[in-house]
Amino acid sequence: MNQTAQQVEQVIQQRYKAGFYTDIDSDRIRAGLDEEIVAMISAKKNEPEWLLEWRLKAFHHWQTMVGPNWAHLNLPPIDFQNIHYYAAPKQKDRPKSLDEVDPKLLETFDKLGVPLHERARLAGVAVDAVFDSVSVGTTFQKELKEAGVIFCSFSEAVQDHPDLVREYLGSVVPYTDNYFAALNSAVFSDGSFVYIPKDTRCPMELSTYFRINARDTGQFERTLIVAEPGSHVSYLEGCTAPMRDENQLHAAVVELVALEKAQIKYSTVQNWYPGDENGKGGIYNFVTKRGDCREDDSRISWTQVETGSAITWKYPSCVLRGDRSAGEFYSVALTHNHQQADTGTKMIHLGKNTTSKVISKGISAGKSNNSYRGLVRMAKRAHDARNYTQCDSLLIGKTCGAHTFPYIESANASAKIEHEATTSRIGEDQLFYCRSRGLDEEDAVAMIVDGFCKEVFKELPMEFAVEAKALLEISLEGAVG
Amino acid sequence: MLKISNLHVAIDDKEILKGVDLEIGPGELHAIMGPNGSGKSTLGYALAGREGYDITAGSVEFEGEDLAEMEPEERAAAGLFLAFQYPVEIPGVNNAYFLRAALNAQRKARGEEEIDSMNFLKAVRESLKSLKMDEALLKRAVNEGFSGGEKKRNEIVQMAVLQPKLAVLDETDSGLDIDALKLVAEGINAQRDGKRSFLVITHYQRLLDYLTPDRVHVLSDGRVVESGGEELAERLEAEGYAFLEEGSEA
């Protein structure tokens, strides 16, 4: 029995392993949001004039907007004047290599399982590590450069590749797009930039690890991926934050551009702090992610495993502009305790013979609410476009909710749209069957949930599929019984 | 091995078993027969520990341990196995993975080492072969898309791999054609080593033709109303359960 008590203790300890705080001097701009703050952020980054102007336009536009209220979420009002929009660990100069990065930062990422230093790096995965508002370093720079691939922090890209940034920034998600996209455009601090040249297959997986550390700070990163004709890239992102009683805002924008025959695969394992079992604290994750299949035969695939955040509000989308372009969305969204998620995708079919596939798996436990919201739009000229949507919900216990809001708009009679949806509860008979074979209740639930998510997990790169599975198991501890 | 004394079991306060007495020794194979609604499946579920099957009086001892005190997975680790009348589907969970996880969970609970994949695969392949089942079944999800007969045979495969001390087979014969029935019977007989015990719940005598039970019990209205040797099964086959009506309370 003593052993059991120890195991329980371990489980509680590991429930949110990333919940620690790194004590590091931080260079932080005062709280609040006004033109001066926007200009200060821009100045910190030594940005060109055009970018400051773009930020200010976004800020003025944001001031004319009101926050969205249509989601199936219970969202308390956010005091935007009480947030710090920029916090960066103090460093003397911009470190020229990872050797110059503060060891405390390296240690933090080590602890999170994302070692940045040479000898322990993840094999075959280049990592850009973002700590609060800035990128602290990017691994495998040399190897990528040889292939002609640009993978760096957004701030570096603004300095080193301003023309590329200027050409593509806001071209998929304009600052007028929505409330949080406008906010992000005004105050974004860092993020990742990826450029894959023509006919190049990126030699390794690229990934960004986002870490929120400072208190009362928002994280507003921007990621831009441009895939030239015939190129191919697989990109992953992971996210964590310390455990705190206050909510923290994370409002990112991700833009993907796929040119002719290019392929972009974008995977997310999101594990922001979800708040405690009474719903106190946690991250508000309000993210705009959109991919533009700008030219013919391009392909963009989104895979997301969402287990964290107090509130998740995001719809990774594909604009299928090029003929025969393809969009995919694979999602596992798990909510427990008081977590809320309103997530899904938008597939906008503009070109001929465009195809899209949506596989969404929602898992709700505790007192959580989990909604799938998806739009499939077939434009007038989208001849013979096809969509397949499958949307499954799994309920654990009797106090959680699952909701499905499909929106289908078709202006072309030749388009084919299929939608399937199921809702099931983890059956008492399934649990008993597993237990009668010797599996304990938690292992049985983990196994049933893993089976339920199989179709999505197999889209993830191997090591991340393992991580995602482990994350689900930890997130579900105590969900039954 | 198993000692059931004056067992009363209720589901939602409705009493289904009304005082069952039954004792099974090591190496013995007992059969339980009886009409629909007599409480046969309830007995199987109560032994395996299904939630909602409340023991309201009496006791069940398995190798001297009080079963009522044990969780279903603890009973499994102690060596009790229930072959389900309606095996459950678990979508997306690979059959081989499921069985290996179950076996290792049991071994871990008993303080034994986990089985390696080589030895595991060897054991599974042998039992699949003996039950004439396609190896491809290992890669499919647990019971998903299996035919009725495949599901039943899969239960016997699980039994062969898990090697329980006592296997309770709940109408494993129903829905099987004669060839499958013979394979299942062979699967059971292959496990009979003079130590393992079996409790075979069935409607019909035909499975017992291949099993040679040590004892046959007739369950009616929640009680064992008749016990005897193999000849009792033959009599039931010939006369039906009608003779029970004649009031033998023995």
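Residue numbering restarts at 1 for every chain, and letters A, B, ... go by the order of the sequence lines.
At least one side-chain heavy atom of B:Phe98 sits less than 4.5 Å from a side-chain heavy atom of A:Leu439. Here the side chains of B:Arg50 and A:Glu428 are in contact, with some heavy-atom distance below 4.5 Å. Side-chain contact between B:Val93 and A:Asp450 is absent, with no heavy atoms from C-beta onward closer than 4.5 Å. Residues B:Pro91 and A:Gln430 form a side-chain contact, since some pair of their non-hydrogen atoms from C-beta on lies under 4.5 Å apart.
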| task | Please report the C-alpha distance between B:Asn143 and A:Tyr433 in whole Å, then the side-chain angles of each, then the deciding distance to 0.1 Å, and finally whether the side chain to side chain donor-acceptor pair (under 3.5 Å) criterion is met. | result | CA-CA 11 Å; B:Asn143 291 321; A:Tyr433 189 68; 3.3 Å; yes

Problem set entry | B:Phe81/A:Ser436 under side-chain contact (heavy atoms from CB on, under 4.5 Å): CA gap, chis, key distance, verdict | CA-CA 7 Å; B:Phe81 178 85; A:Ser436 78; over 6 Å; no

**OP:** Apply the test salt bridge (charged side-chain N to carboxylate O under 4.0 Å, His left out) to residues A:Arg437 and B:Glu73: give CA-CA distance (whole Å), side-chain angles for both, the deciding distance (0.1 Å), then the verdict.
**Re:** CA-CA 7 Å; A:Arg437 296 299 178 256; B:Glu73 59 270 25; over 6 Å; no

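In this structure, the portion of B:Leu162 lying under 4.5 Å from any heavy atom of chain A is its side chain and not its backbone. Within the 4.5 angstrom heavy-atom criterion, only side-chain atoms of B:Glu155, from C-beta onward, approach chain A. In this structure, the portions of B:Ala101 lying under 4.5 Å from any heavy atom of chain A include both its backbone and its side chain. Both the backbone and the side chain of A:Cys434 come within contact range of chain B, with heavy atoms under 4.5 Å apart. Looking at B:Ala48, the atoms closer than 4.5 Å to chain A (heavy atoms on both sides) sit in the backbone and in the side chain alike. For B:Gln158, the part lying under 4.5 angstrom from a heavy atom of chain A is the side chain only.
Heavy-atom contacts from other residues, nucleotides or ligands closer than 6.0 Å to CZ of A:Arg425 number more than 12. The number of heavy atoms from other shown groups lying within 6.0 Å of OH (B:Tyr86) does not exceed 12. A 6.0 Å sphere centred on CG of B:Asn119 holds more than 12 heavy atoms belonging to other residues, nucleotides or ligands. Atom NZ of B:Lys3 has 12 or fewer neighbouring heavy atoms from other residues, nucleotides or ligands inside a 6.0 Å radius. By the 6.0 Å contact criterion, CG on B:Asp193 is enclosed, its count of non-hydrogen atoms from other residues, nucleotides or ligands being greater than 12. A:Lys458 NZ: more than 12 foreign heavy atoms inside a 6.0 Å radius. Within 6.0 Å of the CD atom in B:Glu112, the count of heavy atoms belonging to other residues, nucleotides or ligands exceeds 12.
Of all the heavy atoms in A:Gly438 and B:Ala105, the pair that sits closest is O-CB, 3.3 Å. Annotation for B:Val88 and A:Asp429: closest pair CG2-O, 3.8 Å, computed over non-hydrogen atoms.
Classified by interplanar angle (parallel below 30°, tilted 30° to 60°, perpendicular above 60°), the ring pair B:Tyr45/A:Phe432 is perpendicular.
If you take CZ on B:Arg75 and CZ on A:Arg435, they are separated by 9.5 Å, rounding to the nearest 0.5 Å.
Interface remark: of the candidates B:Ala78, B:Gly92, B:Pro87, B:Gly92 forms the most heavy-atom pairs closer than 4.5 Å to chain A.
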